Every structure is written in C-alpha cells, then in structure tokens.
Protein chains: 4
Amino acid sequence: MAVAKSRRAERGSEPVRTDGSVDRRAQLLASAAELFAAQGYAKTTVRDIGDRTGILAGSIYHHFSSKEAMLDEILREFLSGLHERFSAIEEREADPRRALSELIRTSFAAIHDTPHAVAVYQNESGNLAHRERFGYVADYSSRIEQLWIRVLTAGQASGVFRRDIDVKLAYLLIRDAVWSTVRWYRPGGQFPSETVADQYLELLYGGLL
Amino acid sequence: MAVAKSRRAERGSEPVRTDGSVDRRAQLLASAAELFAAQGYAKTTVRDIGDRTGILAGSIYHHFSSKEAMLDEILREFLSGLHERFSAIEEREADPRRALSELIRTSFAAIHDTPHAVAVYQNESGNLAHRERFGYVADYSSRIEQLWIRVLTAGQASGVFRRDIDVKLAYLLIRDAVWSTVRWYRPGGQFPSETVADQYLELLYGGLL
Amino acid sequence: MAVAKSRRAERGSEPVRTDGSVDRRAQLLASAAELFAAQGYAKTTVRDIGDRTGILAGSIYHHFSSKEAMLDEILREFLSGLHERFSAIEEREADPRRALSELIRTSFAAIHDTPHAVAVYQNESGNLAHRERFGYVADYSSRIEQLWIRVLTAGQASGVFRRDIDVKLAYLLIRDAVWSTVRWYRPGGQFPSETVADQYLELLYGGLL
Amino acid sequence: MAVAKSRRAERGSEPVRTDGSVDRRAQLLASAAELFAAQGYAKTTVRDIGDRTGILAGSIYHHFSSKEAMLDEILREFLSGLHERFSAIEEREADPRRALSELIRTSFAAIHDTPHAVAVYQNESGNLAHRERFGYVADYSSRIEQLWIRVLTAGQASGVFRRDIDVKLAYLLIRDAVWSTVRWYRPGGQFPSETVADQYLELLYGGLL
DNA sequence: GATGAATGAGCCTTCATTCAT
DNA sequence: CATGAATGAAGGCTCATTCAT
C-alpha cells in the first residue's frame, strides 16, 4: 500500500484521491524526496519543498509535524516495502541462485521505481545511525543484510557459490555495486534498468575474465 | 607532496613543522575532512571545525577564506593525488589485467590512507557538479573514468577480459563497489585493507559461481 | 503615491492600512531611514532597525531581502519623487526666476517633509557611486543637475541672472547651501522652513552687501 | 606645527624625518584620513589603513592606541589649525568685509590643502556630538561659529552688510556652501581653488540678480 | 617596530517552526 | 487548510584589538 503510494508519487503521476481532490500529503512527500535526493536533507529547506509543491512553507505543518517527519516517512516507507519484497523472495525461492538473482533484480526495480527514496537512503542513512528516532533504519538494514547473507550462505552450502569468498564481503560488494547505480542510472538513459541488471548479474556470476 | 601532507593529516599524527610549531592549517584541514566525512559538509559548522582544532571559529579565517575553501582544498588535493597515481599506473603497466589490479589496489590504499577525503568526495561531489568553482571535480572524475575505460577496453581487445560485458557498465560496477567500501571499512577492523582488495579482485575476475 | 507614503512614514504618524493592521513594511522603512540618517548606514545594524520597529531582526527579512534593499528603497523613492516634482516645475514655470524660486522652495519642503531620506541621500550617495545597484542615484542626480542648469542658463540668457557667474558654480553653491540645511534644520525649531527659504532666496538673489 | 605635518601628509609628499627614516605615524594618519574621507570612518577597517600604508593591521597599534585615536588626531589637528587661522584673521582684519573674505578664502585654502581632513570633519562630526571623547569637536565648531558671527554682526553694524538677513542664517548658508565644495572640488580639476573662491565671494556679496 | 596568529564580540542572514486570521 | 507574519536559534563571516616572537 505504502509502496504503491510511493511509486505513484515518485513516478510523477499526479496523486489524486478518489474524490478528485489533490493529495497534498503525497505531493509533499514526493517533492521532499526529490529535493532530499538532489540536494541532501540538510541543504533542503522547508521552503524549497513548499515551493515545489505550490504551497507556503508554513502550510506543510498541517500535513507533517516537522521536516524530519518527512524524511522519516520516506525512509520508513521505502525500507518496509523493500524488506517486504525481499522476504517474499526468500520464502518463495528455494534455489539460492534464483533467489539471489531475484533479490538483485528487485533492487534494480526499486531504483527504477523510487529513485529518490533510494538516493535519500543511500545519502542520509549513514548520519542517522545514532538518532533514536531513526533506529529502525539500522534495524531494517541489518535484517536485510542477514537475509541476503542467508541466501549467499545457502548457495555456498549447496556448492553453487564459491566457498573461497567471504560471504560478508561478497554481500557488501554486491549491495554497494547494485545500490550505487542510483547515482547514475536514469530511466530512459543509455542503459535500460533490465540491461543493467542482466549485465551486473552476468559479471557477478561469471567474473570479468 | 600534497599527498604526503594529506596522509599525515588524515592518519592523525600531529602535523608539526620543522620549527616545532604546530601547523594549524593542516590541523584545520584534517578536522574539516573528518567532520565533513562524518556529518556532511552542510551540517558541519565552522564552529565544529574550530572546536575540534582547538581554536575559535573566527580564527579559521586566518588560514582559509571560507568554509568552502576548505572543502575545495580537500577535494583538489585528493583528486590531483589520485589522478597522479592512476596515471603512473597506466604508463607503467602494459598488461591490462595487471594494470586493473593496480588501479583497484591503489584505490583501496587511498581509502585506507585518506578515508575522510574519499568519503567527502563520495558524498559531496554529486552536489558540486553545477558549481563553477568545483568544475575540476567533474573534470578529474571524467579523466579518471576515461583512464579506467582505456584499461578495460585494452583488456577486452587483448582477449583477457570478457567481450560480452559493456565496458562502461563494468567500470561503474567496479568503481562503485570499490569506493563504496569507504562507508564500512575501518582500519584495524574485521577485514584488513589488503584482504578486501584480494577478495574483491577474486570476485571480480572469477565471479561468484 | 510613493511620496505620500514616505511623508506619512517620516512624519511619524502610525502607518495604518485600510484594514486597520499596521503596515510593518512602511514602519521598517521609516525606522531605517531615521537610523540611517542619524548614525549612518554602515553603523546602523539590522537589529537597531528591528528594535525600533518592535520586531526581531530576522523578521525584517520577511519584508526586505536585505539591509541594502531598505537603503535602496529609501533612496529610490526619494529621488524619483524629487525628480518628478522638479520636472513639473520646469514644465510649468516659463519664467526662470520664478522657476528657480520654486525649485528652491520645493527643496526646502522636501527637507521639511522627509528629512531622513534627504540626510541619507546627502550622507551615503557619495559612497554609492561605484555600486551597480545604486547606479540610478547618480543618474537622478545628474538629471536633476541638468534641469537646474537649464533653468539657470535660461535666466542668464534672458538677462535676469548675472552673466559673470559660472552657471555650474552657481548651481553647486545653491544646491549645497540648500540641501545642507538638513543637517541643522529642525521642524519647530528657531527658523520655520518658509523663513529659511525666504531668507536664502533673498540672500541668493540680492547678495549680502 | 601639527598643521604643517598634516599638510605635508595630505599633499602626498613622503613624510620623511630628519634622520631619513620614514615617519610611519604620519603615513598612517594620511592613509587613515584618505580612507575615512573616501569610505567613511565606520566602513574603513584597520586593515585597509595598514594595507595602504604597507604594514600589517596589528602594527598600527604601535603608533595609535585605537582606530578611534586616529580619527581623533585627524579632527583635532584640523580643527585646532583652522581655529588658529581664523582667530588670526579676526585679530588682524578690522574691516568686516575684508575679514569675511579672508575667512572664506582661508576655508577654501584648507579644502585645497587638507581635503581629507575636511571631508572627515564634514561627514563624521555629526555622529560624534554625543561622544565625550569628541566634545572638543562641538567646542571648536561653536567657537568658530561665534567668531564668524561676530564678523557678520560687525558688518551689519557698520552698514556694509544687509540688515534684513538673519545673521545666523547667513552664516549657515555661507558655511555650508563653502565647506560642501569639498565633495566635488578636485585640485587640478575644472575650477582652480581661487576661481571657486572668487566666484563664490562674488555671488555671496552681489547676489544672482 | 613589525609580524602573524588568535580572540571575542558582533553582524547580516537563514531557516524550522508557530500561530492568529 | 492555507496564509503570512513573526520567532528564536544558529550559522558563516568580519573586524578591532592583543600579544608572543
């Protein structure tokens, strides 16, 4: 649900409610995500967000209690949705290689669908670790890491993945390579999302040599 | 020269001049790099930098004309040094595989030696693209990319690297995987710098399967 | 219009809008003009202006983009109004002597009505010449000078004014003598505005002997 | 003595002492006067003065106890010298008309010889009235005014000056017209100092008609 | 005397947030 | 719900002044 809303917002189609009125809340969240992603959370002013949404800065506080609350909602929505989808894959796919491929393809899909949220997560999560309010960010990250590592470990156990590679390092390499694409990937750009996914999988599985 | 200074500063050994007096300029640069890396440039205040260096905020302006000038010097020093070392590798190593390995190992060494500068570059360069003053950042990045791509292309031409992988995508994957380690790598941590380099090279060359 | 607003503000009667609310913008402009006139622009702090108006310094930026913008508006309003009135006199009065008398009386009236703006112009215009933003100040000054000189020249041509006096020097003497009165003239003081005007005209026309 | 020093400084000839060394004190005073005149006291920084004199800002404090002390000395020297010369005229010239002419010519000479000091006095004296330290400024001004007014009154009594003009207003007109020329008079410019004096005297005595 | 680094106070401006209308 | 004016806390930077060398 939350994911669907986020997708709609990020992809730019006007968030319109069943009664025809514009959904200001979603609009604001979309503007905020875009600006946080482009300029960073600290450098984005509440006024920037208001301007882009077409209301005054003060009016934002009718929808969100603070600028931080917007960041919170963007991250929470993104992480819960991502975790949900990853969990579904783990449950569904018994084969480690197919599971890993699915995890990676789902990650690329998330980058394609909600690039702003992904960028915000990439750029801001590091500075949020010590903030009580954002404890869930580290929690989700940790749970997702454990999930991926279970898949990789299962693959090593079944002999489909190499055993001379440290599973944690393999996870970090894959994670960073995949999610970093948000910095340069542009929908409609040189490389379609699926092509990037295919090539990355090819390289990760087969190696460069 | 600049590189040596930067290393000294980043590794924490007191920057002392020949006359025994403390080199405040280098101290300030080190403090700034550390804080910029940890909290982001925007969130770091000039007072933070002064506090960590043990002087008042206003005194910083005896050594640097602005907060931005400090960011500028950190990035310029880092990028010029990195580009210099990469260029030396390209000239020295005729064999593409050995050249690529050297580029990667040198990158890991840079992360180990000047983690703050690397982190600052990773986190801030994106928002600096359109700033006239920081045009050199994009310039260096572009020149480094072209250098790496020449090596990768040479490797494909000589048959040592796979030809079914887009060379640009391969570059991006490697670059992002390598440089992202700055986010989690800690000297003296679980994985020594060389181990990370070895494992990453193994995985990149041979693949996961 | 602008003149009317300025007058009201300068003479101290509370600027009140039709809806009964106080016009903070006009209040601020009046406070600023008063302080700029009394202490100089450079020495006047934004906080001074806020204090005198009864708001915090930061709130000023709701109404003006900068301290300089306030100076700008004070000068622009004053000069445009003055030029307008001078131009009307030139068009209306064909007789050079009557025209000159009118110009002088109007100047004294301006000093009486908007003493702060006059003082600010007297004290600050010299340092503003080279500032792009304040180019209009020199423009207006020049146009006004040319206007006065046309009147004086016409008076010499028609034989009503002496021909052995350089017209430019006559202009400067009159201008400086008249406008300098802003430094000592006080409404309700020893000399009413009209008395000063009469005596000055008498002296200028007839001489001291 | 002080006057001689001031003149030398203002006219630009290197202040050199009998032992051949440069007189830094006089240099500093000259630089300060020039800058105070050009930019105003408040806007002139101690560093500006040091730069123009060729020493560091901090070194100024070996010669003057504060920036204010420089202003003080400039004004004190100027006013004492001026008062001295005016007093000499009053004592020497029994004829009111010749005395007034002398006062005026001496004023123009002061503007020619020490334009910076004159400008500083013109621009800053207004803001100094309430400062204990600068009480002498108002004292001198007052004594000079009384001196001029004695001359004017004597002229009226003897019938050489008109009696229908208020003597105070006449003084103010003459004073302001004369001293204001410092704002536009430039040595070597269109009008030589003596020409300005002659024309002003002509106009003041004979009138414009 | 001069230097250059440092101080400390203060300045202009920004900005998240509040609140009466 | 939105507006717009106001708040209050910083933030980057300037500058007169001090002082050890």
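Numbered from 1 within each chain, the chains take letters A, B, ... in sequence-line order. Below, each value reflects all heavy atoms present in this structure, side chains not excepted, and no hydrogens, waters or symmetry copies. All of these numbers come straight from a predicted model, not from anything done at the bench.
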Query raised in the report: Donor-acceptor pair, Asp48(D) side chain versus Thr45(D) backbone, under 3.5 Å?
Result: yes
Nearest heavy-atom contact between Val137(B) and Leu79(B) is CA-CD1, 3.8 Å
Out of dT13(E), dT17(E), dA6(E), minimum distance to the side chain of His62(B) belongs to dA6(E)
Practice item. Please determine if a side-chain N or O atom of His63(C) lies less than 4.0 Å away from the OP1 or OP2 oxygen of dG4(F). Key: no
Discussion item. If you compare every side-chain N and O of Arg24(A) against the phosphate oxygens of dA2(F) (OP1, OP2), does one of them come in below 4.0 Å?
Written reply: yes
Gln27(C) CD to dA6(F) P, in whole Å, measures 9 Å
Check: Touch check for Ile55(A), heavy atoms < 4.0 angstrom, all strands: base, sugar-phosphate only, or nothing?
Finding: sugar-phosphate
Between CG of Leu28(B) and C1' of dA6(E) the distance, given in whole Å, is 12 Å
Comparing Ser59(D) with Gly54(C), nearest DNA chain F nucleotide closer to 5' gives the residue Gly54(C)
From NZ of Lys43(B) across to C1' of dT14(E) the rounded distance in Å is 17 Å
Arg47(B) CZ to dT7(E) P, in whole Å, measures 14 Å
Taken to the nearest whole Å, CZ/Phe64(B) to C1'/dG12(F) is 16 Å
- Message: Under 4.0 Å between a side-chain nitrogen and a carboxylate oxygen: does that hold for Arg25(B) and Glu73(B)?
- Response: yes
Applying the 3.5 Å cut-off to both distances, the Watson-Crick or G-U partner of dC12(E) turns out to be dG11(F)
Which of dA16(E), dC13(F), dC12(E) is nearest the side chain of Ser66(B)? It is dC13(F)
What does Thr44(C) touch in the nucleic acid at a heavy-atom separation under 4.0 angstrom: a base, only the sugar-phosphate, or nothing?
sugar-phosphate
Ranking dG8(E), dT17(E), dT17(F) by distance to the side chain of Leu56(B), first place goes to dG8(E)
In terms of heavy-atom contacts, Lys67(B) and Ala42(B) come closest through NZ-O, 3.7 Å
Under a 3.5 Å limit on both distances, the Watson-Crick or wobble mate of dA16(F) is dT7(E)
Q: Please determine if a side-chain N or O atom of Tyr61(B) lies less than 4.0 Å away from the OP1 or OP2 oxygen of dC13(F).
A: yes
Separation of dT17(E) atom C1' from Lys67(A) atom NZ, nearest Å, is 12 Å
Taken to the nearest whole Å, CG/Leu35(D) to C1'/dC15(F) is 15 Å
Distance col, row Ser125(B):OG vs Arg131(B):CZ, nearest 0.5 angstrom, shows 13.5 Å
For this session: Assign the ring pair Phe36(A) / Tyr41(A) to parallel, tilted or perpendicular, where the plane angle (0 to 90°) is split at 30° and 60°.
Result: perpendicular
Separation of dA2(F) atom P from Asp51(A) atom CG, nearest Å, is 15 Å
Classify the nucleic acid contact of Thr45(A) as base, sugar-phosphate or nothing, counting any heavy atom under 4.0 Å across all strands shown. sugar-phosphate
The answer to which of Gly58(C) and Ile60(B) contacts DNA chain E further toward the 5' end, by nearest nucleotide, is Ile60(B)
